[in-house]
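Numbered from 1 within each chain, the chains take letters A, B, ... in sequence-line order.
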Amino acid sequence: MIGSLSKARTLPRWLVVFLCCLLGCQPASDVSEEEHESHEHFPPHWPHTIFKASDRLSELIANPADASPPTALPSQITPQQEFIDLVGWLPILAADSDLDRATFDRIDSASSKLQSRWQTSQPKDLPTLVNDPDAREIITWLADICHQERSRAEQHFNSP
Amino acid sequence: MDISVMLWGSLVRMGQTLIAAGPTLLVGWLVAAIFERILGRDGTYRLFGGSSWRQLPQAWLLGMLLPVCSLGVIPVMIQMRRSGISGGTILAFGLTAPLFNPISVMYGLTLSDPVAIFVFCMGSLTVITVMGLLWDWLFPGSTAPIEPLPATPYGIRRIGAVAMSMCQQAFSVSTLYIVIAVAGVGLLGIALPAGCLQRAAGQSDPLAPVTMAGISTLAYITPMMAIVQIASMFQHGNSIAASFTLLVLGAGVNLGMLVWIVRNYRWRPTLIWISCLVLLVLGLSYGMDSPLRPKGVEQADHTHAFDVYCNPFPGDATGLMQSSGRILYESLHPEEIVAGFACLFILACGGFIAWLDPKNAWMNALITMPAKVDTPNDSRLKDVVLPPAVIAGVSFFGLVLASVVACFLYYPPVKEIRQEMHAIEAEMVGAYNRGNWENLEYWIPIQEDWSNKLVVSAYLRGQPLDRFSKLKLQVYMKKLELLEHAVEDRDLEEAKEFGRQGAVAFQRFKSAIANL
């Protein structure tokens with residue numbers, strides 16, 4: 001046990017060392033207001049709705065050879081990366097919509113299947129990705145579903 | 001940072017620590033009193049495996065079951081040392097008891113990856129085993145001799161002795177260490193400006209565990225708060241290595257405990273122990289980071305999980321006194337209010353006993369008081385003397401049973417939670433339409449908490465949420481997070497937009513779980 005005064009005197013020094021270590025852990029500057037406002041909660045190519053995701057996927061499978069990323073996207077996001085990400089985000093986007101459970105389940109299982117396939121084989125380019133029959137099937141089917149949903153919503157909106 | 005901001009921020013963090021520690025502190029005093037007056041020195045020694053190989057696994061198992069925090073464990077460690085238990089076992093128990101309890105494990109299992117929680121449990125077992133063995137190997141003479149203690153007689157005298165001992169535990173040197181630990185939290189509040197840890201645990205930041213080790217050694221985290229933060233780190237794709245570091249060093253260690261170790265085992269062993277502990281934890285953290293990284297989780301660019309370790313006020317904040325009062329008021333939960341008053345009462349009783357009876361004559365009188373002799377007419381009411389093994393068995397199974405009951409109480413039925421969330425959502429609709437920021441700042445964290453509890457409650461009652469419902473809830477929680485940021489920025493238009501989206505997402509989630 002530390003009982004002597006000399007040892008007790010070392011305690012404040014120890015605390016000072018600890019505090020110095022802590023201060024060394026501080027960032028160089030406080031988080032600025034501007035930096036705080038620029039917090040991005042979504043990736044730059046996040047489509048926000050299942051409809052926009054479906055439209056963009058249909059665009060990519062229609063013309064894979066000439067596909068170019070939207071101008072606002074950073075250069076590291078290639079059309080191939082965008083395609084893979086969009087397919088991966090389909091379940092959460094479907095959950096953020098009024099699509100029913102059965103439709104969600106189909107989207108979810110197709111997305112998981114494609115993702116695990118791409119994780120193991122890693123296709124090199126967009127044409128190879130979009131030529132996957134499963135990918136084409138789900139995207140085409142999704143486009144139909146989204147079209148029906150839009151029509152239904154429009155009817156609901158226009159009804160007296 | 002302005003000096004008044006530093007001081008007020010520090011006071012708020014210390015106040016919040018004391019509020020949060022109330023329930024687990026009570027348990028710590030009770031356990032210490034039971035060790036002293038029911039188990040006695042020999043019983044406590046045997047409970048922790050005596051001098052056999054079972055010391056460390058038993059310390060780990062008991063630590064997992066007892067709902068104490070790193071403050072409440074200090075009086076228990078003091079009792080263990082007085083019972084002649086080896087330094088390695090005491091430190092192992094002190095380190096592991098605040099990490100988990102059954103309620104927090106249940107939370108972690110459902111909201112993080114169950115495999116990850118299992119690995120974290122095994123990781124903590126590895127840490128305490130290695131550290132305990134290392135300590136006993138390096139410092140074999142560190143065990144204190146058993147302090148003599150007269151046996152406590154059974155019956156009402158024993159119950160009275162436990163109650164009195166609990167008061168004495170509260171008004172003892174252990175409380176000084178608790179005060180030092182709380183001061184450590186205040187020190188963090190002074191040193192860390194508001195929000196400076198928002199990017200401290202990024203998945204791709206190799207220094208995240210090191211930063212976390214530096215911070216969390218001073219921080220105070222209750223077992224529940226630790227697991228909530230870990231679950232949040234998993235959900236936000238933060239560094240897994242930093243989560244494990246936060247769990248072991250944040251929940252397990254605090255400044256008061258370190259000072260206690262120094263006072264009892266001297267500087268050199270303490271420095272060697274803490275250095276080895278940090279190195280081992282960091283080694284394990286880096287090792288488990290990649291294999292446990294959750295798949296399919298988008299990495300958030302920042303997190304608010306660690307804001308609680310920083311000063312709560314921005315550098316130019318004004319109206320600090322009112323804001324401090326409001327933050328502390330909002331930190332109060334019913335169970336903490338009850339526990340806080342109970343702690344104050346026990347502390348006052350302890351002070352009263354120490355003042356009026358400095359020579360401990362009351363306790364001696366209580367335990368030497370002659371037992372009531374049964375007359376033949378009392379034979380049916382005869383007090384049965386239970387052997388210690390029966391008492392120990394009943395206590396152990398009672399603890400397990402109490403843990404199960406506590407889980408069901410802490411996580412109410414889904415239906416009740418759904419009603420509660422519905423009422424809060426209605427409160428929030430009014431608040432974001434009027435731009436009532438303080439109201440929103442109060443309700444959003446509560447709603448997030450209920451959302452997490454709902455997942456655990458459904459799991460606990462054998463009806464785990466399916467993927468459809470889980471993703472619906474995830475969407476709702478994302479909208480809540482967006483609303484939270486709009487509130488931080490005091491942006492009314494954004495708040496209305498995200499609030500409206502949140503209301504829609506909540507309706508969809510409610511429909512998805514309508515059959516639960």
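- Remark: B:Arg467 is not positioned above the aromatic ring of A:Phe104, lacking an NZ or CZ atom under 6.0 angstrom from the ring centre and at most 45 degrees off the axis.
- Interface remark: B:Asp466 contributes side-chain atoms only to the contact with chain A (heavy atom separation under 4.5 Å).
- Taken from CG in B:Asn264 to CE in B:Met77, the straight-line distance is 8.5 Å, to the nearest 0.5 Å.
- Residue B:Lys479 touches chain A through its side chain alone, counting heavy-atom pairs closer than 4.5 Å.
- Both the backbone and the side chain of A:Asp96 come within less than 4.5 Å of a heavy atom in chain B.
- Between B:Phe509 and B:Tyr476, the distance from one ring center to the other does not fall under 6.0 angstrom.
- Using a 3.5 Å distance cut-off with no hydrogens or angles, the side chains of B:Gln501 and B:Glu497 do pair a donor with an acceptor.
- Interface residue A:Leu99: only backbone heavy atoms are found under 4.5 Å from chain B.
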